[in-house]
Amino acid sequence: MNRAGLTRPLLRALETAQDQGFFTRLQQLYQELPETTCQRRQDCCGLLPPLLPVEMGWWLAGQRANTAKERAGAARRLLEHFLCNAARRLPCPWSRRDACAIYPRRFLGCRTYGLWSPRAYAQRQAAAGDAQGQVQAAWAGLGVTLPAAVTAPGPAYCGRVQVAAGPAPSDAELEALEQRALDLGQDMPGAEMLAPWGGDLAYAVAALILGRQPALALKVAVTKHLLAGQEAEADELLARARDRARDWARDWARSWPVA
């Protein structure tokens, strides 16, 4: 593992996936969804959405084209989100007062929010609640009780999203498109290296910057400090993590395989 916390095999796999058109095909799937409008109440920005494997690969590969400053900003926000989100209810790192900061590059979960039927969305929320229960149990095993605000359900169903033109897709059509995106990710080079992060981009970035086990250990330490009201101690740990994020962002381009 190099100084930036990235493995050469992962970077080579992402480069291969990009060259083979996996991320282009992802964009084509996005384009099959209709344009939508909403009242921008930002309910959908209440949590960082889970990413499909191909989306995670697309985001990581896309960092190569960004400036070091852009990479550093995104890395810092995602790293802080990962380290603090067990102690505090945090919105999506790209949430802004009037819009999404990456709206043209938003993910499938964001694009389909408001398109599912109430029944389908309720089923998906129930599944997410089951997963949250497992997370709570894991923290309880560490002697940590998560705040009620953190364990509260995700964004409620939104009936304010409107399709700009034509009929809205059915649940079956949305499920089929989602499955095609999942299948695309299974075939993507490097998919097995992305699997341990379970669709959590904040965890992925934290693991790439710090290493998987150090990232988890630091999350536990920061969480315990924050829940105990030890803000100064938590801030000290977070400041060091921000420095690592800055270094990771600076070194990303030079860590990429040379063609």
Side-chain angles (χ1 to χ4, degrees), residues 5-7 10-11 13-14 17-18 22-23 25-27 29-30 33 44-63 74-75 77-86 89-95 100-102 105-116 120-121 123-139 146 150-155 174-213 215-216 219:
L6 301 166
T7 61
L10 173 59
L11 293 175
L14 292 176
Q18 185 165 294
F22 278 83
F23 307 139
R25 278 178 271 170
L26 173 64
Q27 302 309 306
L29 288 176
Y30 286 161
L33 291 169
C44 53
C45 302
L47 293 173
L48 176 65
L51 271 61
L52 302 177
V54 67
E55 293 181 306
M56 190 172 291
W58 169 56
W59 188 89
L60 290 169
Q63 296 310 296
R77 288 190 296 271
L78 285 163
L79 179 58
E80 288 186 7
H81 191 282
F82 172 76
L83 295 175
C84 299
N85 68 358
R89 179 79 168 201
L90 298 175
C92 175
W94 287 288
S95 176
C100 166
I102 58 166
R105 294 175 61 82
R106 68 198 187 283
F107 307 109
L108 188 65
C110 311
R111 293 170 187 267
T112 58
Y113 180 72
L115 292 178
W116 296 98
Y121 190 76
Q123 292 172 339
R124 298 171 78 85
Q125 268 206 314
D130 291 342
Q132 179 63 268
Q134 296 175 13
V135 171
Q136 287 179 256
W139 278 103
L146 299 182
V150 169
T151 60
L174 291 174
E175 289 174 0
L177 189 145
E178 184 178 57
Q179 187 60 55
R180 286 161 59 199
L182 282 166
D183 292 343
L184 183 63
Q186 288 180 347
D187 295 335
M188 181 184 68
E192 72 284 355
M193 289 180 271
L194 300 175
W197 300 320
D200 185 344
L201 182 60
Y203 179 20
V205 170
L208 291 172
I209 293 171
L210 303 173
R212 186 178 179 186
Q213 291 305 320
L216 292 170
K219 182 183 179 79

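Throughout, residue positions are numbered sequentially from 1 according to the sequence presented.
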Gap separating the SG atom of Cys92 from the CD1 atom of Ile102, nearest 0.5 angstrom: 6.0 Å

Heavy-atom side-chain contact between Leu29 and Leu108 under 4.5 Å: no

Within-4.5 Å side-chain heavy-atom neighbours: Trp116 and Gln123: no

Side-chain heavy atoms of Arg77 within contact of Trp94, under 4.5 Å: yes

Going through the distances and angles, do Gln27 and Trp58 end up as a side chain to side chain contact (heavy atoms under 4.5 Å, CB included)? CA-CA 10 Å; Gln27 302 309 306; Trp58 169 56; 3.1 Å; yes

Between CH2 of Trp139 and OG1 of Thr151, what distance do you get to the nearest 0.5 Å? 13.0 Å

Can you name the closest pair of heavy atoms from Gln125 and Pro155 and give their distance? NE2-O, 2.9 Å

Any donor and acceptor pair, going by atom type alone, linking the side chain of Lys219 with main-chain N or O of Phe82 inside 3.5 Å? yes

Per-pair distances, 0.1 Å, donor-acceptor, side chain in residues 186-203, under 3.5 Å, sequence neighbours excluded:
| unit_1 | atom_1 | unit_2 | atom_2 | d |
| --- | --- | --- | --- | --- |
| Asp200 | OD1 | Ala202 | N | 3.0 |
| Asp200 | OD1 | Tyr203 | N | 3.2 |
| Tyr203 | OH | Arg212 | NE | 2.8 |

Any donor-acceptor N or O pair under 3.5 Å, side chains Asp183, Gln179: yes

For residues Ala61 and Leu14, report the shortest heavy-atom separation together with the two atoms involved. N-CD1, 4.2 Å

If you measure from CZ on Arg124 to CG on Leu174, what distance do you get to the nearest 0.5 Å? 8.5 Å

Does the Lys NZ or Arg CZ of Arg25 fall within the cation-pi geometry relative to Phe22 - under 6.0 Å from the ring centre and within 45° of the axis? yes

Could you grab the distance from atom CD of Glu55 to atom CZ of Phe23, nearest 0.5 Å is fine? 11.0 Å

Tell me, please, which residues at least two apart from Arg106 pass side-chain contact (heavy atoms from CB on, under 4.5 Å). Tyr103, Cys110, Arg111

Quick one, Thr112 and Glu178 - any side-chain contact, counting heavy atoms below 4.5 Å? no

Leu47 side, atom CG; Asn85 side, atom CG - distance, nearest 0.5 Å: 9.0 Å

Could you check whether any side-chain heavy atom of Leu208 comes within less than 4.5 Å of a side-chain heavy atom of Leu10, counting everything from C-beta outward? yes

Taking every non-hydrogen atom, the tightest pair across Gly46 and Arg89: O-NE, 4.4 Å

Rounded distance (nearest 0.5 Å) linking atom CG of Leu78 with atom CG of Leu48: 6.5 Å

How about Phe107 and Tyr30: are their ring centroids closer than 6.0 Å? no

Considering only heavy atoms from C-beta outward, does the side chain of Leu210 approach that of Leu79 to under 4.5 Å? yes

